[in-house]
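Take a look at the structure below.
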Number of protein chains: 2
Amino acid sequence: MVDNLRFLVEQLKAVSHPLRLRVLALLAVGEYCVCQVAEVLQVPQSSVSEALKELRRAGFVRERKEGRWVFVSTTPASEASPLLQGLLAEVAPLPETLQDRTQAEAVKALALPIPCPASKVQHG
Amino acid sequence: MVDNLRFLVEQLKAVSHPLRLRVLALLAVGEYCVCQVAEVLQVPQSSVSEALKELRRAGFVRERKEGRWVFVSTTPASEASPLLQGLLAEVAPLPETLQDRTQAEAVKALALPIPCPASKVQHG
DNA sequence: TCGACATATCGAAACTTTCCGATATATCCA
DNA sequence: TGGATATATCGGAAAGTTTCGATATGTCGA
């Protein structure tokens, strides 16, 4: 149950934005670090950082810090608001949300094992 | 199924606004004419008119013209998008969405038979 | 300590939205 | 037709949002 109107409005504002919704769609697929999100969605890193700030404020995403990387993911279903659950259901099956180019490219971007710098550094 | 990201963003924008969400909450209760909405929510009639324009664009409300009155209601459940259905479920039980004053007053506003000018004119 | 790299914050121009009084349009009834 | 009333649209000032390069902060390994 939502406890007040203003918070619901803030949640809705957080996702009524193309980039933020695309980020949410990507995170519906799995956990990524910030630089992967920027790479897949082809937007400046600062834009991703600001988008994530809003999504965090609204309680839609979680962060896990690991060394110099920040891994982001959607809040677990058990803790997600009904709004978030509904959005994820609508947005997750839309590869078009990921890229503004062709659908084919978007699917490719999703299917690829997006290289995270962290993975290259494991054995240092 | 949503057919594109941009339309979903437009839908979300339409409701990420305090007045528009309050209008939706009121319409979850039933059908009202525009001037009743303005009266209950205590906002200028032009503001209600613009709010309804947005909600209509997003497919959230329907209008029924009857003489000089326009009666508005939420789109029937059978045609409502999943987003609208979810929103109505969250927003309908919130009397606080109706007025910014006290909850008591809000409930009162809801409970009262809000006088519509149309009803006073029936027998002419 | 340094250089490299991941991320956050700042700054400021461009753009969009919000708000509401004034005014236009539409409908009714006499 | 004219006056009353319901609704829509306009105008435009104020406030808010978006965007992204530049820069700051933090973390690592050497």
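So you know, we letter chains A, B, ... as the sequences are listed, proteins then strands, and number each from 1.
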OP1, OP2 of dA4(C) versus side-chain N and O of R68(A): anything below 4.0 Å?
->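 For dA4(C), OP1/OP2 do not have a side-chain N/O of R68(A) under 4.0 Å.
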
Using only side-chain N and O atoms of S47(B), determine if any of them is under 4.0 Å from OP1 or OP2 of dC20(C).
->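 True: S47(B) side-chain N/O within range (under 4.0 Å) of dC20(C) OP1/OP2.
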
Considering heavy-atom distances to DNA chain C, does K13(A) or E50(A) have its closest nucleotide positioned more toward the 5' end?
->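 Going by which nucleotide is closer to the 5' end, it is E50(A).
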
When the distance from [atom1] of [X] to [atom2] of [N] is rounded to whole Å, what number comes out?
{"X": "E54(A)", "N": "dT18(D)", "atom1": "CD", "atom2": "P", "result": "7 Å"}
{"X": "K53(A)", "N": "dC20(D)", "atom1": "NZ", "atom2": "C1'", "result": "14 Å"}
{"X": "E66(B)", "N": "dT27(C)", "atom1": "CD", "atom2": "P", "result": "14 Å"}
{"X": "E63(A)", "N": "dT27(D)", "atom1": "CD", "atom2": "P", "result": "14 Å"}
{"X": "L21(B)", "N": "dT17(C)", "atom1": "CG", "atom2": "P", "result": "18 Å"}
{"X": "L52(A)", "N": "dT18(D)", "atom1": "CG", "atom2": "P", "result": "14 Å"}
{"X": "E39(B)", "N": "dA6(D)", "atom1": "CD", "atom2": "C1'", "result": "14 Å"}
{"X": "Q36(B)", "N": "dT5(D)", "atom1": "CD", "atom2": "P", "result": "17 Å"}

Is E31(A) salt-bridged to R64(A), going by a charged N under 4.0 Å from an acidic O?
-> yes

Measure from the side-chain heavy atoms of [X] and tell me the nearest of [options].
{"X": "V34(B)", "options": "dT7(D), dT19(D), dA4(D)", "result": "dT7(D)"}
{"X": "H17(B)", "options": "dT7(D), dT9(C), dT18(C)", "result": "dT18(C)"}
{"X": "C33(A)", "options": "dT7(D), dC20(D), dT7(C)", "result": "dT7(C)"}
{"X": "P44(A)", "options": "dT7(D), dG21(D), dC20(C)", "result": "dG21(D)"}

Side-chain contact, heavy-atom cut-off 4.5 Å: V9(A) with H17(B)?
->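 They are not in contact (no side-chain heavy atoms under 4.5 Å apart), so the answer is no.
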
Residue pair R6(B) / P18(A), side-chain heavy-atom distance below 4.5 Å |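 When only atoms from C-beta onward are counted, P18(A) and R6(B) do not touch, as no gap falls below 4.5 Å.
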
Show your reasoning for whether salt bridge (charged side-chain N to carboxylate O under 4.0 Å, His left out) applies to K13(A) and E54(A).
-> CA-CA 9 Å; K13(A) 269 191 195 162; E54(A) 289 304 304; over 6 Å; no

Specify the residue among V43(A) and V48(B) whose closest nucleotide of DNA chain D lies further upstream toward the 5′ end.
-> V48(B)

On DNA chain D, nearest-nucleotide positions of Q45(A) versus S49(B): which is more 5'?
-> S49(B)

Once you build an axis from the first five pairs and another from the last five of the helix from dT1(C)-dA30(D) to dA30(C)-dT1(D), how far apart in angle are they, to 10 degrees?
->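 The end-segment axes of the helix from dT1(C)-dA30(D) to dA30(C)-dT1(D) are tilted 30° relative to each other.
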
Under the side-chain contact (heavy atoms from CB on, under 4.5 Å) rule, what do V70(A) and V72(A) come out as? Steps first, then yes or no, please.
-> CA-CA 6 Å; V70(A) 173; V72(A) 286; 4.3 Å; yes

If you round to the nearest 0.5 Å, how far is CG of L12(B) from CD of Q11(A)?
->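 So the gap between those two atoms works out to 11.5 Å.
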
Atom CD of E66(B) and atom CZ of F71(B): how far apart are they, to the nearest 0.5 Å?
-> 5.0 Å

